[in-house]
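Basis for what follows: all heavy atoms, side chains included, without hydrogens, waters or symmetry-related copies. Residues: numbered from 1 along the sequence shown. Note that this is a predicted model, so its numbers are computed, not measured.
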Amino acid sequence: MDHKDKYIGQLLDNRYEIIEKIGEGGMSVVYKALCHRLNRYVAVKILKDELALDEDFLRRFHTESQAVAMLSHPNIVAVYDVSRSSETEYIIMELIEGITLKQYMQRRGALTWKEVLHFSTQISKALAHAHSRGIIHRDIKPHNILILADSSVKVTDFGIARLTNLQDTLTNETLGSVHYISPEQAKGGHIDARTDIYSLGVVMYEMLTGRLPFEGDSAVSVAIQHISSIPLQPREINPDVPAGLEAITMRAMNPDLNQRYQSAEDLYDDLECFRKNPDADFDYSEKEIIETVNPSERGDGEGDEYTRNGNTYRDGVAPVSRKGEMTKEDYIESARRARRVSTLSGIFCVVVFIIAVFVFLWYYWLGDVFSSPETMTVPELVGSRLEDVLINPSYTDYYNIIPSYESSDTVEAGYIIKQTPSSGRTVIKNSERKSDMKVVVSSGDTYIIMPSVINSEYRQAYIALQKLKLQVEVTTVTSDDVTEGYVISTVPAPGVELNEGDKVYLTVSGGPEIKYVEMPDLVGRTADAARGILDSMNLALGTINSVDDEAPEGEVVFQNIAAGTEIAEHTKVNISISNGSLAQKPPVDTEEPEGGETGGEENWTDQPDPEQPSAEPDTGAVAPDIE
């Protein structure tokens with residue numbers, strides 16, 4: 001534990017106790033903390049002091065974090081809350097016990113293609129979910145991907161990367177991230193969901209080969225390579241990489257936005273297709289191989305010889321036969337034919353060049369000058385559902401749909417409230433250069449519908465209601481019908497509309513009502529009699545111990561609960577009974593009764609004296625003299 005860290009041991013918001021530091025990034029430090037309210041461990045990401053002083057940054061930080069908190073996906077680290085304690089800005093997140101993908105690769109080197117497929121599929125699903133909510137990560141890299149013990153994957157820092165981009169420039173301080181940025185990011189251009197796909201492609205490349213596609217001494221040199229260079233094919237580095245997975249990776253990394261995967265769903269679909277059939281063909285590009293001759297292999301003038309691929313050539317003439325030189329007549333005729341071919345080829349190339357220049361000028365300039373461009377009317381998107389808009393080609397072919405969210409108590413969640421530009425305007429129709437269409441989407445009203453937690457275990461109900469940002473008060477009552485610890489009723493009832501911070505009252509069963517009776521006195525009674533008395537008073541007989549005592553055998557001599565004590569019904573009572581070992585027997589009377597007459601039966605011993613004759617039954621005879 002770092003005792004020099006000022007946050008260790010602090011209690012943020014009177015709730016989160018900082019336990020230990022578990023990580024640090026460019027903009028924040030991450031700690032493990034205990035939430036005293038819900039008795040669970042969480043991760044607390046605290047902004048560094050220099051960023052916490054920037055008001056514009058803090059405003060964007062809260063906006064982005066609140067948006068990310070709306071994400072809910074098994075492959076995305078959950079953000080629970082964004083808060084401030086004194087001057088400290090922090091995010092409360094799900095605590096993940098695992099390592100980063102970067103650490104995993106540092107241990108393993110190049111991964112197997114099955115591991116790459118397993119991890120990439122989960123990451124693409126996480127991106128698809130975030131993109132469907134209008135959130136772009138902007139900093140997908142192995143450092144932001146966590147691997148759990150069960151090999152599942154969680155992506156972290158969604159939306160926060162946008163804030164980092166506002167602060168960073170292409171310096172050595174950003175070298176870690178610049179290895180994964182897209183060409184459009186490196187150029188400072190427009191960014192959309194395809195940016196994350198490029199970065200995921202780089203991560204897949206690194207997993208397959210154990211190395212990055214581009215290396216450099218500075219962030220600037222690496223960024224330039226993303227814009228202008230083509231990396232080696234993964235199979236040139238690692239021959240074990242399947243051709244299909246290589247093709248998927250290189251398409252995800254395509255520097256041309258239009259040749260890249262257009263959505264994370266498309267990438268996920270191809271990964272699934274490859275998983276089902278690793279021999280599937282994913283060759284997305286038409287490759288044209290043009291054989292050229294290195295000038296260093298050629299001669300210095302016409303007629304000079306040079307060798308290429310095992311054949312001997314002369315400049316301007318056909319290959320020289322390996323069996324011997326051409327005759328003079330053959331050479332002249334061949335040269336004449338070569339000149340004709342060269343002339344016609346030159347004319348053809350000039351014509352093709354002129355046509356190409358004309359087409360280029362017409363497409364980019366003359367066409368607009370001499371013809372009226374095709375136009376279209378901006379569609380009305382207000383009132384449409386965002387999900388429907390995002391899958392409609394009549395919109396997505398011409399517009400980059402950029403959603404933002406705000407609450408509304410009149411419009412259902414997921415439906416568009418506003419749009420920019422507004423509908424009805426006339427714009428040029430161009431599917432190659434899309435226009436930005438900003439839409440404001442309803443996140444639903446601010447009301448919370450009271451859920452039904454009746455017959456739920458009260459601790460689970462308590463946590464569920466607190467997640468809805470409701471205050472909870474618990475009252476316990478006795479109940480013969482509901483199991484102890486389960487909710488009997490709620491106020492308000494299920495289905496009632498509430499606001500954040502409203503108080504909810506839970507009535508919880510404390511079990512059946514306990515009745516008390518007065519402990520009876522069992523001493524002097526037999527065990528069976530004691531059992532009967534206890535049964536009649538709804539008490540239970542517990543253990544019975546046999547002890548040495550002067551009381552007659554079988555008689556109760558001790559009870560563990562004193563007589564007259566108030567005890568709950570069904571309580572077990574333990575007793576001890578005498579085994580009769582110490583019981584006193586009546587003494588033997590050896591003196592003769594006065595007058596020589598018997599004094600009755602009580603003057604006789606129980607057993608006759610073995611040295612005397614047996615006495616007759618009670619006949620009134622005088623007892624013999626034993627002296």
Which residues satisfy the side chain to side chain donor-acceptor pair (under 3.5 Å) test with [X], sequence neighbours excluded?
X    : result
Y205 : none
N75  : Q122
S229 : none
R133 : none

Which distance, rounded to the nearest 0.5 Å, do you find between the [atom1] of [X] and the [atom2] of [Y]?
X    : Y    : atom1 : atom2 : result
I191 : Q185 : CD1   : CD    : 4.5 Å
Y268 : I123 : OH    : CD1   : 13.5 Å
M204 : L271 : CE    : CG    : 5.0 Å
Y415 : L386 : OH    : CG    : 11.0 Å

Which residues satisfy the ring-ring contact (aromatic ring centres under 6.0 Å, His included) test with H129, sequence neighbours excluded? H73
Identify, with sequence neighbours excluded, every residue that meets ring-ring contact (aromatic ring centres under 6.0 Å, His included) alongside Y104.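 Counting only residues at least two positions away or on another chain, Y104 forms a ring-ring contact (aromatic ring centres under 6.0 Å, His included) with F119.
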Over 12 non-hydrogen atoms of neighbours within 6.0 angstrom of CZ in R385: yes
Give me each pair satisfying salt bridge (Lys or Arg N to Asp or Glu O under 4.0 Å) with a member in residues 227-245, each pair once, sequence neighbours excluded.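 Pairs touching residues 227-245 that pass the test: none.
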Would you mind listing every salt bridge (Lys or Arg N to Asp or Glu O under 4.0 Å) that reaches into residues 178-189, with sequence neighbours excluded?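 Residue pairs passing salt bridge (Lys or Arg N to Asp or Glu O under 4.0 Å), neighbours aside: E184-R260.
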Side chain to side chain contact (heavy atoms under 4.5 Å, CB included) partners for V389, two or more places apart: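 For V389, the residues satisfying side chain to side chain contact (heavy atoms under 4.5 Å, CB included) (neighbours in sequence not counted) are L381, S384, Y395, I401, I416.
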Please list, chain by chain and in numerical order, all residues satisfying salt bridge (charged side-chain N to carboxylate O under 4.0 Å, His left out) with E380, sequence neighbours excluded.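 E380: no salt bridge (charged side-chain N to carboxylate O under 4.0 Å, His left out) contacts found.
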Checking D192 now: which residues fulfil salt bridge (charged side-chain N to carboxylate O under 4.0 Å, His left out) with it, not counting sequence neighbours?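 Salt bridge (charged side-chain N to carboxylate O under 4.0 Å, His left out) list for D192, sorted by chain: R194.
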Among D266, D270, N254, whose side-chain hydrogen bond (donor to acceptor under 3.5 Å, both in side chains) with Y261 holds? D270
Is the NZ or CZ atom of K32 positioned over Y41's six-membered ring, under 6.0 angstrom from the centre and within 45° of the axis? yes
I224 vs F214, side chain to side chain contact (heavy atoms under 4.5 Å, CB included): CA-CA, chis, key distance, verdict: CA-CA 10 Å; I224 291 174; F214 303 116; over 6 Å; no
By the definition side chain to side chain contact (heavy atoms under 4.5 Å, CB included), identify the one residue from T112, T249, I237 that meets it with L208.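 Testing each of T112, T249, I237 against L208, the sole residue satisfying side chain to side chain contact (heavy atoms under 4.5 Å, CB included) is T249.
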Taking H226 for its side chain and H179 for its backbone only, find out whether a donor-acceptor pair lies under 3.5 Å. yes
Is any side-chain N of the basic residue among E206 and K141 closer than 4.0 Å to the acidic one's carboxylate O?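 No, this pair does not count.
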Filter on ring-ring contact (aromatic ring centres under 6.0 Å, His included), then keep only pairs touching residues 235-258, sequence neighbours left out; what's left?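 Sorted pair list comes back empty.
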